[in-house]
Amino acid sequence: MLAILGAMDEEIELLLADLHSHEELHFPGVTLHRGELGGVPVLITKAGIGKVNAAMTTTYLLMQGASQVIFTGVAGGVHPELRVGDIVISTDCVQHDVDVRALDYPLGTVPGESPAWPADEALRAAAVVAAQEVGGVHVLSGRVASGDQFIASREGVQRLWTTFGAACAEMEGAAVAQVCAKAGVPFVVIRSISDTADHDANVDYRTFMPLVAQHAKQVVRGMLARLAPAAG
Ligand code: ADE
């Protein structure tokens, strides 16, 4: 079963509108929507914002039989070439706010765990092709940096770029990746750029988020056709 999650209503409501044979599964703090999207059996859900919500929701999805996970939503662009509306497909995910340097672990490394969680190659390739079909936007494969922070300063962008080589900043992807990696379940993160994470990020985010969320939805729909045999 293919699972699709986003952090906010705007990120999943476009997909829910197309869901057939819609059935709700209720868990503490989370509602999973089970049905068929483009003929593919799926679980769709809103995780809520931040890494804790993302990890908890991913756990529920895996326990309901998710065998592939796609996170879709918006992000702040960190790579200098990215503009509002562009799309980032994850090569891997890191947690930029993990800091155990006092115990000699590199910045971003959870002790005893991988410093970065790579996305599944097949999901990634399908996402890139589907993203290119959106047209008129730049599609970049790159590192997704997650943390429980909304990045809205030039210094913040610079830190993520120089320390982690991040393509974009968001608040959930690496938590989904960490849970999926523990379960051996393939995942990919698809992010449309809503802002460039600098001093105008809050204004740009509010202005563009609902619009660019459309791009992420288009990518997911484009992927479904390609993934159909594996996802069932
Ligand atoms: N999601 C969208 N824009 C973001 C930003 N600038 N920082 C963190 N998460 C985001």
Side-chain angles (χ1 to χ4, degrees), residues 4-15 45-58 70-99 107-108 116-117 119 127 131 134 137-178 187-220:
I4 303 160
L5 70 163
M8 295 171 293
D9 285 325
E10 291 85 344
E11 293 171 331
I12 63 154
E13 64 195 4
L14 301 166
L15 292 168
T45 188
K46 176 178 84 166
I49 292 174
K51 293 191 300 175
V52 172
N53 282 325
M56 176 182 73
T57 306
T58 304
I70 300 174
F71 193 102
T72 167
V74 300
V78 171
H79 191 291
E81 281 172 17
L82 286 171
R83 301 286 173 267
V84 169
D86 289 344
I87 300 172
V88 172
I89 308 298
S90 66
T91 49
D92 61 2
C93 295
V94 295
Q95 293 187 31
H96 68 77
D97 59 349
V98 170
D99 186 352
L107 195 60
W117 293 278
V134 170
V137 300
H138 184 47
V139 178
L140 187 81
S141 293
R143 172 169 282 176
V144 171
S146 310
D148 288 317
Q149 299 163 2
F150 187 88
I151 308 296
S153 71
R154 202 157 287 171
E155 302 74 49
V157 173
Q158 198 56 33
R159 187 181 87 86
L160 296 184
W161 176 243
T162 53
T163 311
F164 296 101
C168 67
E170 41 83 293
M171 301 175 71
E172 296 85 19
V176 175
Q178 185 177 8
F187 76 90
V188 70
V189 177
I190 301 160
R191 291 285 186 175
S192 302
I193 299 304
S194 57
D195 56 82
T196 45
D198 54 14
H199 57 283
D200 292 329
N202 52 344
V203 177
D204 287 350
Y205 173 84
R206 291 199 178 99
T207 308
F208 297 117
M209 188 270 280
L211 300 173
V212 304
Q214 292 268 5
H215 292 169
K217 178 232 166 165
Q218 278 175 265
V219 178
V220 173

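For the single chain, residues carry numbers from 1 onward in sequence order. Quick caveat, the model's predicted, so the values are computed rather than measured. In each ligand, atom 1 is the first atom listed, and ligand 1 is the first ligand listed.
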Quiz item: Using a heavy-atom cut-off of under 4.0 Å, does the side chain or the backbone of A197 touch ligand 1, or both, or neither?
Solution: both
Quiz item: Got the closest protein heavy atom to atom 10 (C) of ligand 1, with its distance?
Solution: A169 O, 3.6 Å
Quiz prompt | Considering all heavy atoms, the nearest K217-T72 contact | solution = N-OG1, 4.3 Å
Quiz item: Does an N or O anywhere in A201 fall below 3.5 Å from an N or O of ligand 1?
Solution: no
Exercise. Name the closest protein heavy atom to atom 8 (C) of ligand 1, giving the residue it belongs to and the distance to 0.1 Å.
Key: Q149 O, 3.5 Å
Self-check item: Pair Q95, S146: side-chain N/O donor-acceptor within cut-off below 3.5 Å
Solution: no
Exercise. Please list, chain by chain and in numerical order, all residues satisfying ring pair (Phe, Tyr, Trp, His ring centres under 6.0 Å) with Y205, sequence neighbours excluded.
Key: F150
Quiz item: Can you tell me how far CD1 of I70 sits from CG of L5, rounded to the nearest 0.5 angstrom?
Solution: 10.0 Å
Quiz prompt | Shortest protein heavy-atom distance from atom 7 (N) of ligand 1, along with the residue and atom involved | solution = I151 N, 2.9 Å
Exercise. Quick one: look up the protein heavy atom nearest atom 9 (N) of ligand 1 and list residue, atom name and how far away it is.
Key: E170 CA, 3.4 Å
Quiz item: Considering only heavy atoms of S194, which atoms of ligand 1 have at least one such atom less than 4.0 Å away?
Solution: 2 (C), 3 (N)
Practice problem: Measure from the side-chain N and O atoms of D86 to the backbone N and O of H138, and report whether any donor-acceptor pair falls under 3.5 Å. | Solution: yes
Quiz item: Side chain of S192, backbone of A216: donor and acceptor closer than 3.5 Å?
Solution: yes
Can you give me every donor-acceptor pair (side chain of residues 160-167, partner residue at least two apart or in another chain, under 3.5 Å) with its distance?
residue: T162; atom: OG1; partner: Q158; partner atom: O; Å: 2.8
residue: T163; atom: OG1; partner: R159; partner atom: O; Å: 2.8

Quiz item: Considering distance alone, does some N or O of D195 sit under 3.5 Å from an N or O of ligand 1?
Solution: yes
Quiz item: So, is G76 polar-close to ligand 1, with some N/O to N/O distance under 3.5 Å?
Solution: yes
